[in-house]
Every structure is written in C-alpha cells, then in structure tokens.
Colleague: 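The structure is given below, and queries will be raised subsequently.
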Amino acid sequence: MVDVSAKADSARVAVAAGMLRTTPEVVALVRADDMPKADVLSTARIAGISGAKKTSELIPLCHQLALSSVDVRFGFTEDAITIEARAKTKGPTGVEMEALTAVAIAGLTLHDMVKAVDPAAVLDGVRLLTKDGGKRGHWERPGGRAEPDAASADHAHRDGAAAAEAIHSGPAAPSSGGRPRSAAIVVASTGAAAGTRVDTTGPVLVDWLAGLGFSVRGPLIYPDADIAAGLRDALDGAPNLVITTGGTGASPTDGTPEATLAVLDRELPGVAELIRQRGTAVFPLAALSRGVAGLSGTTVIVNLPGSPGGVRDGIAVLEPLLDHLLAQVAGGGRHE
C-alpha cells in the first residue's frame, strides 16, 4: 500500500456514475415497483452503499477509509437506469474507488434484480465524474460528464443509441475565476424520489444549462420533506447556480421556499416576482407559487414551480439575466 501518513487530512468528495442498459419494459416495471424480485431500487441502493464501505476488502491495496457519507441515486431514460454515487471522507487519501465501487455494486445488483426479465441487460459506462480535496483540489472528467457512446455496449437487441444520462456538461463557459460555471438542479418531489412518478422538470433544466456551457450536477431528487437536505447537497462545492423545482405551492408538504430562505444571505425578490408575473400572464394559478430567489454566499439560488410550464417561465426570465447576475455576484458586473 502507498504510505499516505505524511499527507495532510482534507475533506474529500468523489462522484461516479454508470448505467444499466435494458429494455423500456424493464424500465417501466422498475419505476412501477412491479418487478418479481423485491424493491429493486432500494435493494440496489443499499448494495451500493455496502459496496463503498467494503472497497478496501474488494480491491487489493486500497486504503481503509472512514466514510462520512455515501449517497446512491438512480434516474431513468427510455431504456436505461442511470446510477450516480457520491462518497465523502476526511483524510489523507481520496474516495474515488469508493464512489466507483458503489456504482458498480449497485449496477450489478440491478442486473441481478432484472435478469429474469432481461438477461441481456448491460452494465455500462462506470466512470469517475468529479473529485475534490487534497493537494490537487477540483478535478472533473475531461470533455464533461456526458455518457459513453452507446455503440460501445454490446446492445444489439435494443432499438438504437441510448438517451442522454441525467448528468450533463457542456463546453467550458468560464466564470470570472477561469473555471467553467457550475450548477446543481434539485427536484422536490416525494413521488419522483420514490420512483412512482416521472420528473419532467429537472432534465429540461439540465439540458438548458448544459447548452449554456455550465457543468451541471443533478437532477438531485429529494422528497418534499427532505428538501433542506437537498439544498445542502446542492450547495456542496459552492456552485455558481442552484435551481430547485417543486414544493413552492400552498400545500402543507410544500416547504421549498422556507428551506431556501434558511440558507440565503440576501434575497433577489425581483427575480422571483418576474417569474410569477410571467406565469400568471397565461395561467392565473401561477400566482400561488411562493418561490424565492437569492444568494447563499456566492451561489445564486432560484426556486421554480414543479411543472414544465413553470420551468419554461423560469428559463425565459433567467436566460437574459444570468450572465450579468453571475458576473455581479462574482464582483465583475457593471451597471450600464
């Protein structure tokens, strides 16, 4: 084993991803929790976390780490289940292998759970996306976070190239510090978190921001009751922008504005009001949205409604403001 005793302890984070390519029928069964073999996603999530904790036992010469957090999440495309694992520790060496092992074990468990229906499923594209901490600081996969070429998988029984994964990164749009601008998308939806409904808002925002050159993390999907944890997750690493969808209404379970206000240093009330005004012009009930916007340190946070129309309104309002707003927050914007 490499001697790391001389290295200083550092907060370290690694994010890895992969996917199980399967059939649309299997994806539908998993989403509906209708597979013959137990709760597929819960079982795979527990397996992934357990795999991360046992990495030093599975891979020779890996150091034993005191993991402070392991988070395994799933998403869906038409014919694939996407996997993202995020591992954290504080110590003298990184957690890349733990994040990668979590993805691999979660993916193998998914394969085991669906093989009775689709024995030709393919675990594909297990890769490191980002890592932070230590002497080298931030590293991100060259060329962004896009999924591997579908042609690299032995997938002849599928109907063609797979859809884009739920994590994207566009060309490098530099911030004032010279690094690509970063963003995180958080979806507050109890149903989407449980896999009983499809989130149609997060992927739209990811595609939009990736097209503007942002490095995008997410969508991070949390139950309404856990949106405060979702915001903490999104703010980890101090991205330039965090956009939330859902949880902005008057329902007793809608708590996104309150969770957001708890982390804001300053509000941007004009942004939130303009989004509401645009929505009410065509849909009067949009006035019931309680979404807020503001700054948490140097991160801009904007709440959007959990509907495709509300997201379209938010994009229309934010796109002409975004460059100037982020430049101002970074200290480089000027009034004309």
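Note that these values count all heavy atoms, side chains included, but never hydrogens, waters or copies made by symmetry.
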Colleague: Please walk me through it: do Arg12 and Lys88 pass side-chain contact (heavy atoms from CB on, under 4.5 Å)?
Modeller: CA-CA 6 Å; Arg12 299 172 185 268; Lys88 297 182 183 180; over 6 Å; no
Colleague: Applying the side-chain contact (heavy atoms from CB on, under 4.5 Å) criterion to Leu205, which one of Leu318, Val216, Thr245 satisfies it?
Modeller: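 Of the listed options, the one satisfying the test is Thr245.
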Colleague: In the structure I gave you, are the side-chain heavy atoms of Asn240 and Thr298 within less than 4.5 Å of one another anywhere?
Modeller: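 No, every pair of side-chain atoms sits at 4.5 Å or beyond.
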Colleague: Closer than 3.5 angstrom, by distance alone: can the side chain of His63 be matched with the main-chain N or O of Val2 as a donor-acceptor pair?
Modeller: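 Checked: pair present.
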Colleague: Looking at Phe74, does the NZ or CZ of Arg31 lie under 6.0 angstrom from its six-membered ring centre and within 45 degrees of the ring axis?
Modeller: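 No, cation not above the ring by the 6.0 Å, 45° rule.
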Colleague: Are Leu58 and Val72 grouped together when hydrophobic residues (ILVMFWY) are joined by side-chain heavy atoms under 4.5 angstrom apart?
Modeller: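 Shared cluster, yes.
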Colleague: Hey, what do you get for CZ (Arg197) to OG1 (Thr190), rounding to the nearest 0.5 Å?
Modeller: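 It is 9.5 Å, given to the nearest 0.5 Å.
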Colleague: Less than 4.5 Å apart, side chain to side chain, heavy atoms only: is that true for Leu100 and Met97?
Modeller: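 Leu100 vs Met97: side chains touch.
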Colleague: Please round to the nearest 0.5 Å and tell me the distance separating atom OG1 of Thr82 and atom CE of Met19.
Modeller: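 Atom-to-atom, Thr82:OG1 and Met19:CE are 6.5 Å apart.
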Colleague: Should we count CD of Gln64 as having more than 12 external heavy atoms under 6.0 Å?
Modeller: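 12 or below, so no.
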Colleague: Please indicate whether Arg312 has more than 12 foreign heavy atoms, meaning atoms of other residues, nucleotides or ligands, lying under 6.0 Å from its CZ.
Modeller: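 Counting other residues, nucleotides and ligands, CZ of Arg312 stays at 12 neighbours or fewer.
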Colleague: State whether a side-chain donor-acceptor pair under 3.5 Å links Thr260 with Asn303.
Modeller: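 Yes, a side-chain donor-acceptor pair sits under 3.5 Å.
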Colleague: What distance separates Asp224 CG from Ser189 OG, expressed to the nearest 0.5 Å?
Modeller: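 Going from CG on Asp224 over to OG on Ser189, the span is 6.5 Å.
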Colleague: Let me know which of Glu96, Glu140, His138 forms a side-chain hydrogen bond (donor to acceptor under 3.5 Å, both in side chains) with Lys131.
Modeller: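 It is Glu96, the one option of Glu96, Glu140, His138 that forms the side-chain hydrogen bond (donor to acceptor under 3.5 Å, both in side chains) with Lys131.
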